[in-house]
A.B. asks: 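Encoded as structure tokens, here's the structure I'll be asking about.
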Amino acid sequence: TGRLTSRTLTEYYLDRIERYDQRGPALNSMAFINENALAEADRLDSERVANGPRGPLHGIPVVVKDNFETTGMPTTAGSRLLHGFQPDEDAHLVERLRAAGAIILGKTNMHEFAYGITSEGSAFGAVKNPYDPTRNPGGSSGGTGAAVAANFAAVGMGSDTCGSIRIPAAHNNLVGLRGTQGLSSRRGIVPLSHTQDIAGPIARGVSDLAVVLDATVGFDAGDPQTAQSVGNLPASYLDGLSPGALQGKRIGVVEELLLVDHEDSEVVAVIGQATAELAAAGAELVRVRFPNLDVVVNAEPTGFFVLAHDFKTDINAYLAAHPDAPVKSLTEILASGKYNPSIDQVLRVSESMTEESEAVYRSALAQRKVIREAVLAAMAEQNLDALAYPTIRRKAAPLYQPQDGSNCQLSAKSGLPAISMPAGFTEDGLPIGIELLGRAWSEPELLAMAYAFEQLAGHRLPPPLLGPRMPGELSEEE
């Protein structure tokens, strides 16, 4: 409508970052700020006047996780061992965002090397949860989650190897999607596990998520895995969003992912209310049991053998391809000792992989097909449109403490898409997320169901700790 310029919006977000990320609750969600953001906003404002907008992201500030290569800013993956590392190309998804007219406002803090879910790292320290700064924001994309929840940008980008988009979405009252494996490119993202890594948006609402998906998903010749997306994408993810999308849907509530331990009961109570709201929106709920789910999902040693094996080979290959990186290998990373203690054990597990590990690795990869077939068979037998379960069965743990309760594995190991959406709050005001998992390439249906739930339930509330709006400050909706 012309009421707002990109420059005004960019200034607004930069002001919020200064007040709340560096002062106030000092969320510590931002790793780097784009020094050229205001100049880019001016350029995009001029382009809009001259030629009209490129699309809905024209002039919109977004933030990206610090493992995305981003020209003009360092890429450290949250590690001081990569201090000063600045690749001269954008990650493919950053290229796509810029082409859509988005402003990369800055890079977000994260769990070091994306190897954890509490968002601690040696480069920038721990990210704080905007709903309670004494607790973690989830991870590994916790900086993106905290920044988007705190309204430091319109939307943000994260990566998910096992929950790293969905857990921050749950802990920060946001929407986050892990797409079908192959939906979006991994090129230019510091790897954790090439068999499980995928990137995507974290947003305050489903329609925002859809806008970013439209701009970023699809084939990239630099990532052969994305060839699977060809023929499986809608014209626009916005097209299917309807407040009535839950009517007649059959949703299976997975019993084995609800109450695993007594400590899960607080989250289970919130999920119970959320499933009642799904039913009120017209969905038919079905209790689903997978008697051997834990055995099937965790058949590999520790449940994370593939990820641990991949990290050693993937990070070594990535560093070898970037000879200007300050560190050259996982062996060198460990020898330095200059990393956050939270990743010491997992780094050592990865480093311990040998040629003798290959047989176990191949067996664990083959198990992925078993998991996928078990999920799809259960959905087919009961004519289900989606499976539902808590994104994570525990509320956000205190800073620097272990975070238990993740349900990340079902989507990550099956390669099937899952969306986390706000389910409500615990009695002490911490956000809880509910996850919907669907068949391959069912993202339009998952987004439609999440949108319908969002419109009915209205669980998205901004963090109360960030104070009232200042005179003239925009609301979240604006």
A.B. asks: Should Arg393 and Val268 be marked as a side chain to side chain contact (heavy atoms under 4.5 Å, CB included) after you check the CA-CA gap, both sets of side-chain angles, and the distance that decides it?
C.D. replies: CA-CA 7 Å; Arg393 302 184 311 277; Val268 170; over 6 Å; no
A.B. asks: Please name all residues satisfying ring pair (Phe, Tyr, Trp, His ring centres under 6.0 Å) with Tyr115, sequence neighbours left out, ordered by chain then number.
C.D. replies: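 For Tyr115, the residues satisfying ring pair (Phe, Tyr, Trp, His ring centres under 6.0 Å) (neighbours in sequence not counted) are Phe311.
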A.B. asks: Can Glu277 and His459 be counted as having a side-chain donor-acceptor contact under 3.5 angstrom?
C.D. replies: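 A pair is found: one side chain offers a donor N or O, the other an acceptor, under 3.5 Å apart.
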A.B. asks: Val288 vs Leu384, test: side chain to side chain contact (heavy atoms under 4.5 Å, CB included). Steps then yes/no.
C.D. replies: CA-CA 10 Å; Val288 176; Leu384 300 176; 3.7 Å; yes
A.B. asks: Give, for atom OG of Ser193 and atom NE2 of His309, the distance between the pair rounded to the nearest 0.5 Å.
C.D. replies: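 Interatomic distance, Ser193 OG to His309 NE2, rounded to 0.5 Å: 10.5 Å.
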A.B. asks: Could you note down all residue pairs passing salt bridge (Lys or Arg N to Asp or Glu O under 4.0 Å) where residues 245-262 supplies at least one of them, sequence neighbours left out?
C.D. replies: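 Output for this query lists Arg250-Glu284, Glu255-Arg287, Glu256-Arg289, Asp261-Arg394.
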A.B. asks: Just do the side chain to side chain contact (heavy atoms under 4.5 Å, CB included) check on Tyr339 and Arg80 with the steps written out, would you?
C.D. replies: CA-CA 7 Å; Tyr339 48 81; Arg80 62 175 171 166; over 6 Å; no
A.B. asks: Which pairs, with at least one residue in residues 105-124 and sequence neighbours excluded, count as a salt bridge (Lys or Arg N to Asp or Glu O under 4.0 Å)?
C.D. replies: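 Sorted pair list: Asp66-Lys107.
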A.B. asks: What closest approach, in Å, do Gly433 and Ile271 show between heavy atoms, and which atom pair accounts for it?
C.D. replies: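 What the structure gives for the nearest pair is O-CD1, 3.6 Å.
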A.B. asks: List in chain and number order the residues that pass side chain to side chain donor-acceptor pair (under 3.5 Å) with Ser140, two or more places apart in sequence or in another chain; answer none if no residue qualifies.
C.D. replies: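 Here the qualifying residues are Lys65, Ser164.
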A.B. asks: If only atom types and distance count, is the side chain of Thr144 paired as donor or acceptor with the main-chain N or O of Met157 below 3.5 Å?
C.D. replies: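 At least one qualifying donor-acceptor pair exists.
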A.B. asks: Please, which pairs that meet side-chain hydrogen bond (donor to acceptor under 3.5 Å, both in side chains) have at least one residue in residues 428-442, sequence neighbours excluded?
C.D. replies: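 As it turns out, the side-chain hydrogen bond (donor to acceptor under 3.5 Å, both in side chains) pairs with a partner in residues 428-442, which skip direct neighbours, are Arg166-Glu435, Tyr389-Glu435, Lys395-Asp428, Thr426-Asp428.
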A.B. asks: Nearest 0.5 angstrom please: Leu446 CG to Ser420 OG, how far?
C.D. replies: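 The distance works out to 12.0 Å.
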A.B. asks: Which residues pass the side chain to side chain contact (heavy atoms under 4.5 Å, CB included) test with Asn109, not counting sequence neighbours?
C.D. replies: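 Side chain to side chain contact (heavy atoms under 4.5 Å, CB included) check on Asn109 returns Asn28, Phe124, Val127.
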A.B. asks: For Thr391 and Asn407, which I'm curious about, is there any donor-acceptor pair between the side chains at under 3.5 Å?
C.D. replies: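 Asn407 and Thr391 do not have a side-chain donor-acceptor pair below 3.5 Å.
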A.B. asks: Give the intermediate values and the outcome of side chain to side chain contact (heavy atoms under 4.5 Å, CB included) for residues Asn136 and Gln403.
C.D. replies: CA-CA 9 Å; Asn136 78 71; Gln403 176 68 62; 2.9 Å; yes
A.B. asks: Give the minimum heavy-atom separation between Pro130 and Asn172, together with the two atoms involved.
C.D. replies: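 Distance-wise, the nearest heavy atoms are CD-OD1, 3.1 Å.
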A.B. asks: Can you list every pair that meets salt bridge (Lys or Arg N to Asp or Glu O under 4.0 Å) and has a residue in residues 370-391, with sequence neighbours left out?
C.D. replies: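 Those involving residues 370-391 do not exist here.
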A.B. asks: Over all heavy atoms of both residues, which pair between Ser242 and Ala452 is shortest? Give the atoms and the distance, please.
C.D. replies: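 Shortest heavy-atom contact: O-CB, 3.6 Å.
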A.B. asks: Apply side chain to side chain contact (heavy atoms under 4.5 Å, CB included) to Arg7 and list each qualifying residue two or more places apart in sequence or on a separate chain.
C.D. replies: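 Here the qualifying residues are Thr5, Glu11, Leu38, Ala41, Asp42, Asp45.
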A.B. asks: Identify, with sequence neighbours excluded, every residue that meets side chain to side chain contact (heavy atoms under 4.5 Å, CB included) alongside Pro398.
C.D. replies: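 Pro398 satisfies side chain to side chain contact (heavy atoms under 4.5 Å, CB included) with Arg135, Gln401 only.
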A.B. asks: Is it the case that the side chains of Tyr20 and Asn151 hold a donor-acceptor pair, with the cut-off being a distance below 3.5 Å and no angle test?
C.D. replies: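 No, no side-chain donor-acceptor pair sits under 3.5 Å.
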A.B. asks: Does any donor atom in the side chain of Asp310 or Gln196 lie under 3.5 Å from an acceptor atom in the other side chain?
C.D. replies: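 Per modelled atom types, Asp310 and Gln196 side chains form no pair under 3.5 Å.
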A.B. asks: Could you work out, with side chain to side chain contact (heavy atoms under 4.5 Å, CB included) as the rule, every residue matching Phe425, not counting sequence neighbours?
C.D. replies: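 So Phe425 forms a side chain to side chain contact (heavy atoms under 4.5 Å, CB included) with Tyr131, Asn173, Pro431, Leu461.
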A.B. asks: From Ser411 OG over to Ile419 CD1, what is the distance, rounded to the nearest 0.5 angstrom?
C.D. replies: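 Ser411 atom OG to Ile419 atom CD1 measures 11.5 Å (nearest 0.5 Å).
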A.B. asks: Keeping to residues at least two apart or across chains, list the salt bridge (Lys or Arg N to Asp or Glu O under 4.0 Å) pairs with something in residues 173-183.
C.D. replies: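 Listed once each, the pairs are Asp160-Arg178.
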A.B. asks: For a quick test of reading the model, state the closest non-hydrogen atom pair linking Pro390 to Val267 and the distance between them.
C.D. replies: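 It is CB-CG1, 4.0 Å.
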A.B. asks: Just how far is it from atom CD1 of Ile251 to atom CG of Leu278, taken to the nearest 0.5 Å?
C.D. replies: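 Spacing of CD1 (Ile251) from CG (Leu278) equals 5.0 Å.
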A.B. asks: What is the minimum heavy-atom distance between Gly200 and Ile165, and which atoms define it?
C.D. replies: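 Residues Gly200 and Ile165, closest heavy atoms: N-CD1, 3.5 Å.
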A.B. asks: Distance-only criterion, 3.5 Å: show the donor-acceptor pairs between side-chain atoms of residues 205-217 and protein atoms not counting sequence neighbours.
C.D. replies:
unit_1: Asp214; atom_1: OD1; unit_2: Tyr237; atom_2: N; d: 2.8
unit_1: Asp214; atom_1: OD2; unit_2: Ser236; atom_2: OG; d: 2.6
unit_1: Thr216; atom_1: OG1; unit_2: Val212; atom_2: O; d: 2.8

A.B. asks: I need the Leu307 CG to Thr161 OG1 distance, nearest 0.5 Å.
C.D. replies: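 So the gap between those two atoms works out to 6.0 Å.
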A.B. asks: Quick one: closest heavy-atom pair of Leu399 and Pro133, and the distance?
C.D. replies: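 Smallest interatomic distance, heavy atoms only, reads CD1-O, 3.3 Å.
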A.B. asks: Between atom CD1 of Ile167 and atom CD1 of Ile392, what is the distance when rounded to the nearest 0.5 Å?
C.D. replies: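 Nearest 0.5 Å value for the CD1-CD1 distance: 4.0 Å.
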